[in-house]
Amino acid sequence: MTQIILDDLDRKILNLIVDDARKPFLEIARECNVSGAAIHQRIQKLTSAGVIKGSEFVLSNEKIGYETCAYMGIFLKNPEQFPTVTEALTKIPEVVECHYTTGQYDLFIKVYAKNNQHLLSIIHNKLQPLGLARTETLISFKESFRRHLPIELNP
């Protein structure tokens, strides 16, 4: 994969929008001492290059009724299952992340459930029918912090 060369203006723009994706381009332009058109062009360039993959609203999972967050290590019966299992996982709405991993697990997923009983139902009714060898579940009591990678000026 090709690494994109970012200049100081690109980095400053990224630092400003990563904290607030709804920040108006004109406000970013003022903070960067360039025109709004220049900001628009830079953001388009960064998006086209794949540096910016989109923007999103971050919901409070608890406030929409999903109180249990769990991480699950998945052991597959055989390696040929990767494509079918990952495709099936995309169809389970409570599974919000899936990673191929090194180490003991074949896949590592993040799941949100309404409560522990709902999590048990997801495991029994949605995951076990996929023909997995087994799973290991870790329940998160609370997210301590979440952050974006730093975008350093003059690296």
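Basis for what follows: all heavy atoms, side chains included, without hydrogens, waters or symmetry-related copies. The chain is numbered in sequence order, starting from 1.
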same_hphob_cluster(I52, V58) at 4.5 Å side-chain heavy-atom cutoff: no
Once rounded to the nearest 0.5 Å, what's the spacing between atom CG of N61 and atom OH of Y112? 4.5 Å
Quick check: does any side chain N or O of E62 sit under 3.5 Å from a backbone N or O of T68, one acting as donor and the other as acceptor? no
Test salt bridge (Lys or Arg N to Asp or Glu O under 4.0 Å) on E94 and K114 and set out the steps. CA-CA 9 Å; E94 297 89 351; K114 294 179 180 180; over 6 Å; no
How many angstroms lie between CZ in R42 and CD1 in I13, if you round to the nearest 0.5 Å? 6.0 Å
Is a salt bridge present between D7 and K12, judged by a nitrogen-to-oxygen distance below 4.0 Å? no
Would you call the rings of F25 and H40 parallel, tilted or perpendicular, where under 30° means parallel and over 60° means perpendicular? tilted
How far apart are the closest heavy atoms of K53 and G50, and which atoms are they? CG-O, 3.7 Å
Report the C-alpha distance between I109 and I74 in whole Å, list the side-chain angles of each, state the deciding distance to 0.1 Å, and finish with yes or no for side chain to side chain contact (heavy atoms under 4.5 Å, CB included). CA-CA 8 Å; I109 63 174; I74 295 176; 3.8 Å; yes
Side chain proximity check, C69 to E143, heavy atoms < 4.5 angstrom: no
Exam field: side chain D106 to backbone F75, donor-acceptor pair closer than 3.5 Å: no
Side chain to side chain contact (heavy atoms under 4.5 Å, CB included) between I17 and R22: does it pass, once the steps are laid out? CA-CA 7 Å; I17 65 172; R22 297 183 71 191; over 6 Å; no
Passing candidate, side-chain contact (heavy atoms from CB on, under 4.5 Å) with C98, options V85, I92, T86, T90: T86
S48 side chain to K45 backbone, donor-acceptor under 3.5 Å: no
Using only atom types and a distance under 3.5 Å, with no angle test, would you say the side chain of E27 pairs donor to acceptor with the backbone of P24? no
What distance separates L76 CG from Y105 OH, expressed to the nearest 0.5 Å? 13.5 Å
Does the pair K23 and E31 meet the rule for a salt bridge (Lys or Arg N to Asp or Glu O under 4.0 Å), with working shown? CA-CA 11 Å; K23 186 175 269 200; E31 291 186 44; 3.2 Å; yes
State whether the side chain of N15 and the backbone N or O of I151 hold a donor-acceptor pair below 3.5 Å, judged by distance alone. yes
